[in-house]
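What follows is a short report on a single structure.
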Amino acid sequence: MKYKGVKGTRDILPPETDIWRHLESTAAGVFQTFGFREIRVPVMEETQVFTRSIGETSDIVEKEMYTFTDRGNRSVTLRPEGTAPVVRALVQNGVFVEHPASKFFYMGPMFRYERPQAGRYRQFHQIGAEAFGIDDPRLDAEILLMLTVLLDKLGLKNLDCQINSIGCPQCRPRFREAVKAFFAERLDGLCADCKRRYETNPLRIMDCKVPACVELRAGAPSVLDHLDEACAAHFRTLTDTLAHLGVPFTVKPTLVRGLDYYTRTTFEVVAGSLGAQNAVAAGGRYDKLVEEFGGPKTPAIGFALGVERMVSLLAETAPPAPRPALFIAALGEPAALRALSIASALRKSGVWAECGYSGSLKSQMRRADKLGARFTLIIGDEEVASGFAQLRNMETKEQELIGLDEAAKRFMD
RNA sequence: GUGAGUGUAGUUCAGCGGUUAGAGCACUGGAUUGUGGAUCCAGUUGUCGGGGGUUCAAAUCCCCUCACUCACCCCA
């Protein structure tokens, strides 16, 4: 084989593409009922767009970015996530000035230079939604509702929607100190990773899987007890509203997000059946990001949904493969031409028709069967001469004589 | 970036020092000279991932490399 796809990339072929289409159009349909409109932004940005927003020390920036220098000596990065480019685009185009409260969705490829594994690729796809300009927790609830409506519409069950609040720039540092103080005296018992986390991101110790660390963190402080009054109230209204709307959720105080820009509400939808990479959607509130991009003070919340992970969940409930309405088997030149014109008439009116062109009738029938054609029209020299041909119902095997001129009309409805 | 496992036909896999490398599925043709799916018969398909080494002899053993898979870190 001469060429292979780049490591961590994947070709998506039928019938899988049918699932992708189904997912994308269902998402667009649901988002639209919540007032979200599509935005399309470039797949690459100036590197700073990501380093400044996601956080210089986050893993994404430190080791996972597809960064290169272009011919104009600019540092360019293939987007590792969608939120930062969207915010950049909205600020640049002055959207917040005219429409301070607006909602957008996007779908497309993202890139992260990671070691591929189940549910993780270097080029992967996300469907994301971002709502700006409203800091009311009821919007947070609606976002979660939108997500559950979508998952529901897709027929997905057994998903757990986990929510948490990580506070704001005022109360989070206090919590962080409390956590550090708690683990300071237990440092020796922690695993090597957690000792590192103690310095870089102590909140991560809370979801370490090493048994010793799990034991040591018993009685550790919870974020929810350290929220300031405003953040606590925000979270309370969120959970109350979710209960009111009937959105199922579980509060998970250890839920931490990897990106620096999150404030207050964070959430994640996990599927038990997916293996190690089990988050199918995740997001949160990011009230300071727009300002950091030079826009007006604009609170915001959004999420991204992992398309590959979703598709693997949807694989069992795959939509049935599309089938041609009519297959036209042709024997001989004049018949082949006649077949082509009948097929072309059908296609013009939106009906899928296939032609057999040439070969033995047997092989053409086989192809008709393989394609799942509902009917097959058999045309040979005699039929061209008489103007009548056999129309075979592939399921019942019944055949009837039909005029070639009416054959096409028969399938146009 | 770290660790483990696996690379043989289009695909799933067998063969694990000894002729000319196999099977199922798929594909093509035939049994049925113009009628599909089932059955039967026949046929096609391979740099045994790549490179180097050991050996009389390597798909098989050793080393390197690349790719894939799974897990860790982290994340959608």
Side-chain angles (χ1 to χ4, degrees), chain A residues 1-10 13 54-55 57-65 79-83 107-128 147 191-194 196-197 200-201 204 207-210 255-259 267-271 274-284 302-313 327 329-332 335 356 358-383 389-399:
Chain A
M1 207 179 310
K2 200 162 180 187
Y3 298 113
K4 277 191 274 189
V6 169
K7 188 187 180 86
T9 64
R10 229 168 64 82
L13 309 172
I54 297 171
T57 60
S58 71
D59 268 48
I60 291 182
V61 168
E62 277 188 339
K63 50 178 209 186
E64 294 171 6
M65 291 210 306
R79 60 183 186 191
E81 57 110 31
T83 303
M107 38 188 80
M110 306 292 162
F111 305 83
R112 258 118 99 161
Y113 194 88
E114 297 181 277
R115 191 87 160 249
Q117 74 183 67
R120 171 186 291 164
Y121 307 94
R122 287 187 174 177
Q123 174 175 338
F124 61 104
H125 297 75
Q126 291 188 332
I127 297 177
L147 197 44
C191 71
D193 276 331
C194 284
R196 181 178 50 76
R197 289 182 181 117
T200 58
N201 194 350
R204 282 271 175 215
D207 47 28
C208 180
K209 290 160 195 121
V210 176
L255 180 67
V256 182
R257 312 271 35 257
L259 282 48
F267 56 90
E268 200 165 280
V269 177
V270 301
L274 275 187
Q277 312 306 323
N278 63 357
V280 296
F303 66 83
L305 184 149
V307 176
E308 282 81 357
R309 294 179 187 180
M310 258 338 227
V311 168
S312 70
L313 290 178
F327 184 95
L331 298 157
S358 59
S360 70
L361 180 59
K362 184 189 183 72
S363 66
Q364 296 190 52
M365 289 298 287
R366 235 201 298 266
R367 199 155 87 79
D369 181 55
K370 191 147 298 172
L371 286 164
R374 294 172 202 282
F375 287 86
T376 299
L377 185 67
I378 301 162
I379 310 179
D381 290 338
E382 272 173 47
E383 286 78 3
Q390 292 291 337
L391 179 66
R392 180 179 178 86
N393 180 322
M394 297 298 276
E395 260 120 65
T396 64
K397 296 180 165 183
E398 281 162 15
Q399 296 195 178

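Throughout, a chain's letter reflects where its sequence line sits, starting with A, and its residues are numbered from 1.
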key: A/Gln364 side chain to A/Ala330 backbone, donor-acceptor under 3.5 Å   = yes
query = Is the side chain of A/Glu308 donor-acceptor paired with the backbone N or O of A/His125 at a distance under 3.5 Å, no angle test?
reply = yes
query = Starting at the 5' end of RNA chain B, which residue's closest nucleotide do you reach first, A/Gly306 or A/Ile379?
reply = A/Ile379
query = Relative to the 5' end of RNA chain B, which residue comes earlier, A/Ser360 or A/Ala304, by the nucleotide with the nearest heavy atom?
reply = A/Ser360
[M] and [N], which share atom name [atom1], separated by this distance in whole Å:
{"N": "B/U2", "M": "B/U65", "atom1": "P", "answer": "12 Å"}
{"N": "B/C16", "M": "B/A59", "atom1": "P", "answer": "14 Å"}
{"N": "B/A26", "M": "B/C40", "atom1": "P", "answer": "12 Å"}
{"N": "B/G46", "M": "B/A9", "atom1": "P", "answer": "10 Å"}
{"N": "B/U55", "M": "B/G18", "atom1": "C1'", "answer": "12 Å"}
{"N": "B/G50", "M": "B/A58", "atom1": "P", "answer": "15 Å"}
{"N": "B/C13", "M": "B/U69", "atom1": "P", "answer": "13 Å"}
{"N": "B/G7", "M": "B/C48", "atom1": "P", "answer": "15 Å"}

Distance in Å, [X] [atom1] paired with [Y] [atom2], rounded so as to fall on 0.5 Å steps:
{"X": "A/Glu81", "Y": "A/Met110", "atom1": "CD", "atom2": "CE", "value": "7.5 Å"}
{"X": "A/Met394", "Y": "A/Phe375", "atom1": "CE", "atom2": "CZ", "value": "10.5 Å"}
{"X": "A/Gln390", "Y": "A/Glu398", "atom1": "CD", "atom2": "CD", "value": "12.0 Å"}
{"X": "A/Arg120", "Y": "A/Arg122", "atom1": "CZ", "atom2": "CZ", "value": "11.0 Å"}

What I'd like to find out is whether the side chain of [X] reaches to under 4.5 Å of the side chain of [Y], using heavy atoms alone.
{"X": "A/Pro109", "Y": "A/Arg79", "result": "yes"}
{"X": "A/Phe303", "Y": "A/Val269", "result": "no"}
{"X": "A/Gln123", "Y": "A/Arg10", "result": "no"}

Within this structure, what is the [atom1]-to-[atom2] distance between [X] and [N], rounded to whole angstrom?
{"X": "A/Lys397", "N": "B/A38", "atom1": "NZ", "atom2": "P", "value": "11 Å"}
{"X": "A/Lys362", "N": "B/A38", "atom1": "NZ", "atom2": "P", "value": "11 Å"}
{"X": "A/Phe267", "N": "B/A76", "atom1": "CZ", "atom2": "C1'", "value": "12 Å"}
{"X": "A/Arg367", "N": "B/U28", "atom1": "CZ", "atom2": "P", "value": "10 Å"}
{"X": "A/Leu147", "N": "B/A76", "atom1": "CG", "atom2": "C1'", "value": "12 Å"}
{"X": "A/Asn393", "N": "B/G36", "atom1": "CG", "atom2": "C1'", "value": "12 Å"}
{"X": "A/Met365", "N": "B/U32", "atom1": "CE", "atom2": "C1'", "value": "13 Å"}
{"X": "A/Ile378", "N": "B/G36", "atom1": "CD1", "atom2": "C1'", "value": "10 Å"}

Could you identify the nucleotide paired to [N], looking across every strand shown and requiring Watson-Crick or G-U wobble geometry with both distances under 3.5 Å?
{"N": "B/A59", "result": "none"}
{"N": "B/U39", "result": "B/A31"}
{"N": "B/C48", "result": "none"}
{"N": "B/G3", "result": "B/C70"}
{"N": "B/U19", "result": "none"}
{"N": "B/U11", "result": "B/G24"}

key: Set of salt bridge (charged side-chain N to carboxylate O under 4.0 Å, His left out) partners for A/Arg196, sequence neighbours left out   = A/Asp193
request  = Measure distances between side-chain N and O atoms of A/Arg392 and base N and O atoms of B/G36, and say whether any donor-acceptor pair falls under 3.5 Å.
outcome  = yes
inquiry  = Should the side chain of A/Gln390 and the base of B/U35 be counted as holding a donor-acceptor pair, with the cut-off at 3.5 Å?
reply    = no
Is [X] touching bases, backbone alone, or none of the nucleic acid, heavy atoms closer than 4.0 Å?
{"X": "A/Val307", "answer": "nothing"}
{"X": "A/Arg366", "answer": "sugar-phosphate"}
{"X": "A/Gln364", "answer": "nothing"}
{"X": "A/Gln399", "answer": "base"}

query = Quick one: which of B/U35, B/A76, B/G34 gets closest to the side chain of A/Glu383?
reply = B/G34
request  = Summarise protein proximity over nucleotides 64-73 of chain B in one line of letters, 5' to 3': B for base, S for sugar-phosphate only, - for none, counting protein heavy atoms closer than 4.0 Å.
outcome  = ---SS-SBBB
